[in-house]
Amino acid sequence: MGAGASDLAVEEASSGLGDMPELCAAEVLLRLGAPDICRLAGLNHAFRSAGAADFVWEAKLPENYRYLMGFVDGGEEKGGDPGQKSAVGKKEVYARLAKAVRFDDGKREFWLEKSTGMICMALSSKALVITGIDDRRYWAHMPTTESRFHSVEYLQQIWWFEVVGEIDFRFPAGTYSLYFRLRLGKPVSKHSGRRVSSGADKKGSIHGWDRKPVRFQLSTSDGQNAVSQRYLDDEPGSWALYHAGDFVASEHGRPVRLKFSMAQIDCTHTKGGLCVDSVLVYPKGFRTEKVVVGV
């Protein structure tokens, strides 16, 4: 009697998730995000097999992933057949897109954000048109560990402050926010790990931003527009994302053509002491740093 009960207990213990059919495991994985799929893949054979299935990972990819893959190996897709099949498994496609993919001679990059399944993009300061950038009296190019592109532009002093940029890209359908990543005061040196100058943030180095607000603008080729303004009066020494506006990418797969700018054009006074790192495009609501919104 005791032996029979013991055998029954062993039999019941051995049956469970290990006996789950692979298709049932796949149905579970389809309802999870990529990080959870990878964790469950180590649970048993059913989840491991389902976690490698193309149809599971294709459901996690943006609808235009073939276009995005055109950038992965250093090329930029100029069209191509949207129905073209790839020999690469969909899990590998996801893994490649989840890493930063650089293009435009390394001045821009995008990546698949795992928690949302949408695309993020970053443009370095070298991808922007900055008034007076070639005049070392006004701007200094500084290497730093505080930028994903390993360098920033530091404004020493100028009368006419304007930064302009453009993006022409097929974003997956959704709503996105565009930000300028800025900081009052000099950055940390790339080589020493210390602030470039102990006097960088002293009164006088950072000046002019309290006299008139900076104007942020965003427009798209299909008529979307956003305008806001804000004084740059945050605490020196910390990076912040200054919100320029939101835009919607349609479901038709057409390229989104964006124009954006920030400017403080008032020649009655100079302004200086500002780091310009990059422009970031994130799915709306996603953020990694302090966000500053204008009015």
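As the structure is a computational prediction, the values presented were derived from the model and not from experiment.
Under a 3.5 Å cut-off, the side chain of Thr144 and the backbone N or O of Val188 do form a donor-acceptor pair. With hydrogens and angles ignored, the 3.5 Å screen pairs no side-chain donor or acceptor of Glu109 with any backbone N or O of Lys99. No donor-acceptor distance shorter than 3.5 angstrom exists from the side chain of Asp104 to the backbone of Gly106, with no hydrogens or angles considered. A donor-acceptor contact shorter than 3.5 Å is absent between the side chain of Asp105 and the backbone of Phe103. A donor-acceptor pair under 3.5 Å is absent between the side-chain atoms of Arg287 and the main chain of Lys284, judged by distance alone. A distance-only check finds a donor-acceptor pair linking the side chain of Trp209 to the backbone of Gly272 [under 3.5 Å].
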Exercise. Given side-chain contact (heavy atoms from CB on, under 4.5 Å), test Leu128 with Val279 step by step and report yes or no.
Key: CA-CA 9 Å; Leu128 307 174; Val279 165; 3.9 Å; yes
Quiz item: Step by step, would you call Glu58 with Tyr65 a side chain to side chain donor-acceptor pair (under 3.5 Å)?
Solution: CA-CA 9 Å; Glu58 187 162 18; Tyr65 70 86; 3.0 Å; yes
Quiz item: Between Asp234 and Arg183, does a salt bridge (charged side-chain N to carboxylate O under 4.0 Å, His left out) hold up when you go through it step by step?
Solution: CA-CA 8 Å; Asp234 293 283; Arg183 165 190 169 133; over 6 Å; no
Practice problem: Test Leu280 against Leu178 for side-chain contact (heavy atoms from CB on, under 4.5 Å), laying out the working first. | Solution: CA-CA 6 Å; Leu280 295 163; Leu178 186 142; over 6 Å; no
Practice problem: Go through His150 and Thr145 one step at a time and tell me if the side-chain contact (heavy atoms from CB on, under 4.5 Å) criterion holds. | Solution: CA-CA 6 Å; His150 309 298; Thr145 57; over 6 Å; no
Quiz item: Should Val276 and Val152 be marked as a side-chain contact (heavy atoms from CB on, under 4.5 Å) after you check the CA-CA gap, both sets of side-chain angles, and the distance that decides it?
Solution: CA-CA 6 Å; Val276 177; Val152 299; over 6 Å; no
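Residues Met69 and Val93 are in side-chain contact: their nearest non-hydrogen atoms beyond the backbone lie under 4.5 Å apart. Taking 4.5 Å as the limit, every side-chain heavy atom of Val292 sits out of range of all side-chain heavy atoms of Leu241. Using a 4.5 Å heavy-atom cutoff, the side chains of Glu166 and Val129 are not in contact. At a threshold of 4.5 Å between non-hydrogen side-chain atoms, the residues Thr270 and Gln157 count as touching. Here the side chains of Leu123 and Ile167 are in contact, with some heavy-atom distance below 4.5 Å. Using a 4.5 Å cut-off on side-chain heavy atoms (C-beta onward), Arg211 and Lys271 make no contact. Annotation: side chain of Trp139 is in contact with side chain of Ile130 (closest heavy-atom distance under 4.5 Å). No side-chain heavy atom of Met118 sits under 4.5 Å from any side-chain heavy atom of Tyr282.
Note that CG of Asp277 and OG of Ser124 are 8.5 Å apart. Values are rounded to the nearest 0.5 Å. Interatomic distance, Leu97 CG to Ile119 CD1, rounded to the nearest 0.5 Å: 6.0 Å. How far NZ of Lys126 is from NE2 of His141: 4.0 Å, rounded to the nearest 0.5 Å. Interatomic distance, CG of Leu68 versus CG of Leu61, reported as 9.0 Å (0.5 Å rounding). Separating the CZ atom in Arg148 from the OG atom in Ser278 is a distance of 7.5 Å, to the nearest 0.5 Å. In this structure, OG on Ser205 lies 11.5 Å from CG on Leu155, to the nearest 0.5 angstrom.
The cluster map of Ile, Leu, Val, Met, Phe, Trp and Tyr, joined by side-chain heavy atoms under 4.5 Å apart, puts Phe286 and Val291 in the same cluster. No continuous path of ILVMFWY side-chain contacts below 4.5 Å connects Trp159 to Leu274, so the two sit in separate hydrophobic clusters. In terms of hydrophobic clustering, with Ile, Leu, Val, Met, Phe, Trp and Tyr side chains grouped at heavy-atom distances under 4.5 Å, Phe149 and Phe180 are assigned to different clusters. Linking Ile, Leu, Val, Met, Phe, Trp and Tyr whenever their side-chain heavy atoms come within less than 4.5 Å puts Leu112 and Val72 in one cluster.
The salt bridge (Lys or Arg N to Asp or Glu O under 4.0 Å) check on Glu289 picks up Arg181, with sequence neighbours excluded. Take Phe171 and apply the ring pair (Phe, Tyr, Trp, His ring centres under 6.0 Å) test, not counting sequence neighbours, and it matches Phe169, Tyr176, Phe247. With sequence neighbours excluded, no residue satisfies ring pair (Phe, Tyr, Trp, His ring centres under 6.0 Å) with Tyr231. Qualifying side-chain hydrogen bond (donor to acceptor under 3.5 Å, both in side chains) partners for Glu63, counting only residues two or more places apart in sequence or in other chains: none. When the side-chain hydrogen bond (donor to acceptor under 3.5 Å, both in side chains) test is applied to Trp239, the partners found at least two apart in sequence or on another chain are Glu146.
Asp266 and Gln264 share no donor-acceptor pair across their side chains, judged by distance under 3.5 Å alone. Under the 3.5 Å distance criterion, with hydrogens and angles disregarded, a donor-acceptor pair is assigned to the side chains of His243 and Asp246. Side-chain atoms of Trp160 and Glu162 form a donor-acceptor pair, as typed in the model, at a separation below 3.5 Å.
Shown here for Gly185 and Cys275, the closest heavy-atom pair between the two residues is O-SG, 3.2 Å. Considering all non-hydrogen atoms of both residues, Trp111 and Ala98 come closest at CB-O, 4.1 Å. The two residues Gly117 and Pro62 come nearest to each other via the heavy atoms O-CG, 4.0 Å. Smallest separation of non-hydrogen atoms from Ala244 and Ser228: O-OG, 4.5 Å.
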Identify all side-chain donor-acceptor contacts of residues 253-263 below 3.5 Å with residues at least two apart in sequence or on another chain.
from: Arg257; atom 1: NE; to: Asp168; atom 2: OD2; distance (Å): 3.3

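Ring-centre distance between Phe71 and Phe110: below the 6.0 Å cut-off.
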